[in-house]
Amino acid sequence: MLIEVKDLVKDYRVGILKNRCVRAVDCVSFSLQVGETLGLVGESGCGKSTLARLILMLIKPTFGRVCFEGQDLTDLSQAELLKLRREMQIVFQQPQQSLHPRMKLAESLAEPLRLYKLVKSKAAEKERVRHLLHEVGLSEEHLERYPHELSGGQAQRVALARVLALKPKFIVADEPTSMLDVAVQAQILSLIKKLQQEHKIGMLFISHDLEVIRGISDRVAVMQGGKLVEMGSKEQIFREPQHPYTKFLTGTVFELPTRLKRDNLRLVH
């Protein structure tokens, strides 16, 4: 088992006096095996990205546990978490968020290698950078370019290369193709799946697009109002959905019951 999430909760205080509590993630539990892809689907605002950041300990949970290879991350200090960052990475919706606008791609790709001291010489660094670039389908001519000189698909390939540089065991892909056009989206999805299988990386793939989830996932989790309302194999979720919300998403029913037509962020007290 690679990732185990148990009863994860995240509350936020809202209002002028911070006297109200909104539950963004509500008692979520699941596990992820080595090399497995779990697709997380739900409409915007349902808590998907908050859950992803909780798992990576980018934000602290209110309650619950997150274990990585059996180690409880909620008990670790920031210094201890920093040592694990190499093995737990995230691919953002907008790749420019992970690329320095004033740094050429050669420097951007070399930066994580230097930070974690993964190469012993300049020659080894250059060779590793070239290998990473080829692995994501780009040529060496891109090394002298800046992020603004790249297309959306090229920028996402570079972001993937930066993640692969650290040889992670777990990746969160947070809507990595939603900003791309359909043709480029298909190429990036194919690349992500290929790299994930080659490197045996466990992945939480977040999307609101059911066709994307169907194409890349081994199992699927459906999120609504901060809760996981259904989880199962890809075949089960798309062929025989059980929860009314899952049926609505997959087109089995065309209107949600009244009790499910609520805001995604639930008022706790």
Side-chain angles (χ1 to χ4, degrees), residues 1-12 22-94 97-98 159-160 162-164 166-178 192 195-196 199-208 212-213 216-232 264-266:
M1 200 65 65
L2 185 65
I3 296 286
E4 291 179 277
V5 175
K6 182 67 174 176
D7 299 328
L8 207 58
V9 171
K10 182 60 179 180
D11 293 336
Y12 289 104
V22 166
R23 182 151 292 177
V25 173
D26 191 356
C27 207
V28 169
S29 299
F30 69 89
S31 60
L32 180 75
Q33 296 182 357
V34 174
E36 181 186 24
T37 298
L38 176 66
L40 179 61
V41 66
E43 61 188 352
S44 297
C46 70
K48 303 187 301 296
S49 293
T50 300
L51 176 61
R53 283 155 177 75
L54 287 169
I55 294 169
L56 295 173
M57 289 293 118
L58 298 176
I59 55 177
K60 286 287 187 179
T62 305
F63 304 106
R65 296 189 303 125
V66 178
C67 294
F68 175 70
E69 294 187 319
Q71 186 174 18
D72 190 346
L73 302 182
T74 57
D75 290 336
L76 300 183
S77 66
Q78 287 300 318
E80 291 170 324
L81 281 172
L82 184 61
K83 295 178 181 178
L84 289 175
R85 292 293 180 210
R86 172 187 167 185
E87 298 180 328
M88 303 174 67
Q89 291 289 304
I90 184 168
V91 179
F92 293 102
Q93 181 179 22
Q94 297 181 334
Q97 293 179 356
S98 57
L160 284 170
R162 274 177 57 89
V163 166
L164 290 175
L166 298 175
K167 299 181 180 180
K169 297 178 181 178
F170 173 62
I171 290 177
V172 172
D174 190 0
E175 301 269 13
T177 60
S178 63
I192 290 174
L195 295 172
Q196 183 258 341
H199 296 277
K200 295 182 173 57
I201 300 170
M203 182 165 62
L204 177 66
F205 192 99
I206 299 171
S207 180
H208 63 273
V212 169
I213 291 293
I216 202 165
S217 305
D218 299 309
R219 288 188 299 138
V220 177
V222 180
M223 195 166 192
Q224 196 262 342
K227 295 182 177 182
L228 291 188
V229 296
E230 188 167 357
M231 181 182 294
N264 283 329
L265 297 182
R266 184 165 65 86

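Every heavy atom of this structure was used, including side-chain atoms; hydrogens, water molecules and symmetry mates were not.
Taking 4.5 Å as the limit, every side-chain heavy atom of D7 sits out of range of all side-chain heavy atoms of F63. Proximity of I171 to V91: side-chain heavy atoms (C-beta onward) are separated by under 4.5 Å at one or more points.
The two residues A24 and T50 come nearest to each other via the heavy atoms CB-CG2, 4.2 Å. Taking both residues in full, the closest heavy atoms of I201 and L195 are given as CD1-O, 4.4 Å, listed atom of the first, atom of the second, then distance. Taking every heavy atom of both residues into account, C27 and V9 meet most closely at N-CG2, 3.4 Å.
Around NZ of K60, the count of heavy atoms belonging to other residues, nucleotides or ligands within 6.0 Å exceeds 12.
Residue L32 holds its CG atom at 6.0 Å from CG of L38, rounded to the nearest 0.5 Å. Of the inter-residue distances, the one linking F170 atom CZ with L2 atom CG reads 7.0 Å to the nearest 0.5 angstrom. The CE atom of M223 sits 9.0 Å away from atom CD1 of I206, with the distance rounded to the nearest 0.5 Å.
Side-chain contact check for E4 and S31: no donor-acceptor pair (N or O, by modelled atom type) lies under 3.5 Å.
Judged purely by atom type and a 3.5 angstrom limit, K48 has no side-chain atom pairing as donor or acceptor with the backbone of E175.
Between K10 and D26, none of the side-chain N atoms (NZ, or NE/NH1/NH2) sits under 4.0 Å from a carboxylate O, so this pair counts as no salt bridge. K169 has a carboxylate O that lies under 4.0 Å from a charged side-chain N of E69, or vice versa, which qualifies the two as a salt bridge.
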